Amino acid sequence: GGIIDLRISQRAKGVPRSGIREMFDMAPKYKNVISLGIGEPGFPTPEHIVEAGAKALYEGHTKYTPNAGISDLRKAIAERASLDGLSVDQQNVIVTTGAGEAILLALLSTVDPGDEVLLPDPAWPNYFGQVALSGAQLKFVKTYDHDHFHLKAEAIKKAVGERTRAIIINSPSNPTGAVLSEEELEDISRIILSHNLVVISDETYSNILFDGRKHTSIASLPDMTDHTIVVNSFSKTYAMTGWRVGYAIGPSDVISQMAKLQESVSSCVNAAAQQACLAALKGPQDCVEEMVKGYRERRDLLLSGLAELPGIDCLMPEGSFYAFPNITKFGLSSKEFALMLLEKAQVVVVPGTAFGEGGEGYLRVSFCGSIESIKEALSRLQNLLR
Ligand code: PLP
């Protein structure tokens, strides 16, 4: 030990490790590993977007930008939001380092230590750390297989207490693939309004919808604009995970607080990446359609393969690019089952419990990678489980 005993803060210790990362950290011990673990599009970033990013660098977009992002991009995001029925302008928009930072800044700007934040169970595990950093208490609202894992207004109503200040919702959902209907969101909005809550609506997968479903943003429902911070991202829609650009749309006083906090965190998002995202929004959108078609093809391939496996039941994903099969018939915990798949078949999936207790008995299987990886994983599972 040194002279100074380095003390680790309670805040850092209070942030749990992601159960998704935990599985990946084990994978390198095995050879020939196939990963259906990560939520990363297998498609490259569309060429015209890459070109815009590269051109931006040569044209000198190599300096700081305003905290909330470049004006042209904020305007383009506001215009895009009008397609979801939101009437907002650039004052209502902040560009962030991915949707992840947007959620953290939204929480830091709206909740205090001692407040309570509601979260669906199961949910994306990064929320656990984000809420922990805000100092608020987490309270889970369970969702169920028999409801296709749709978050129900009744369950929220039961969970709301004196100290409840905010709720995070996520439709389409990671990890369950559930997509909430307009009617379900209306029911939820009535509870938000009657208890004067803030809703952080993570719409990262809003473009990845199947079987003719339409996206509804809860912010577009009556009286909800003042209660909602919409979070979205370029990561999944445009296959841009590594560019690290997301955004939030909300009441201008909240957005300006978030921009002030961004000054302390990163000052602003990478300038050239912002130009690339401007090109993504302004350019042709058929690349998005093509990728969604690709995800649907992968979903159907995976689901018909899973249906042939003994003991596995899986709901049809309605959106996002995750399947959430039920493996309770095997009598193993999710973690035991995921470890067995890694050891015996070198297939990586994520145990449902990485997403909360409500994920026990399930696995999260990503279908955003290559067709070949899905086929190979299915044939290994066939051999193992038969
Ligand atoms: N929200 C959800 C539900 C996600 O699944 C992810 C990424 O997996 C994100 C947000 C983060 O996206 P970004 O890359 O924009 O930080």
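Order of appearance sets the numbers: ligands from 1, and atoms from 1 within every ligand. Along the sequence shown, residues are numbered consecutively beginning with 1. All values derive from a computational prediction rather than experimental measurement.
The closest side-chain donor-acceptor pair between Asn232 and Thr204, if any, does not fall under 3.5 angstrom.
One N or O on the side chain of Asp115 and one on the backbone of Asp112 form a donor-acceptor pair closer than 3.5 Å.
The ring pair (Phe, Tyr, Trp, His ring centres under 6.0 Å) contacts involving residues 253-296 comprise Phe43-Tyr295, Tyr295-Phe321, where partners must be two or more places apart or lie in separate chains. Applying the side chain to side chain donor-acceptor pair (under 3.5 Å) definition to pairs two or more places apart or across chains, those involving residues 153-171 are Glu116-Thr164.
Heavy-atom minimum distance, Ile374 versus Leu36: CG1-CD2, 4.2 Å.
Residues satisfying the side chain to side chain donor-acceptor pair (under 3.5 Å) test with Lys335, not counting sequence neighbours, are Glu22.
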Could you list each N/O atom of ligand 1 together with any protein N/O atom closer than 3.5 Å, one pair per line with the distance?
from: ligand 1; atom 1: 1 (N); to: Asp202; atom 2: OD2; distance (Å): 2.6
from: ligand 1; atom 1: 5 (O); to: Asn174; atom 2: ND2; distance (Å): 2.7
from: ligand 1; atom 1: 5 (O); to: Tyr205; atom 2: OH; distance (Å): 2.7
from: ligand 1; atom 1: 8 (O); to: Lys236; atom 2: NZ; distance (Å): 2.7
from: ligand 1; atom 1: 14 (O); to: Ser235; atom 2: OG; distance (Å): 2.7
from: ligand 1; atom 1: 14 (O); to: Arg244; atom 2: NH1; distance (Å): 2.8
from: ligand 1; atom 1: 15 (O); to: Ala99; atom 2: N; distance (Å): 2.6
from: ligand 1; atom 1: 15 (O); to: Ser233; atom 2: OG; distance (Å): 2.5
from: ligand 1; atom 1: 15 (O); to: Ser235; atom 2: OG; distance (Å): 3.2
from: ligand 1; atom 1: 16 (O); to: Ala99; atom 2: N; distance (Å): 3.1
from: ligand 1; atom 1: 16 (O); to: Gly100; atom 2: N; distance (Å): 3.1
from: ligand 1; atom 1: 16 (O); to: Arg244; atom 2: NH2; distance (Å): 2.9

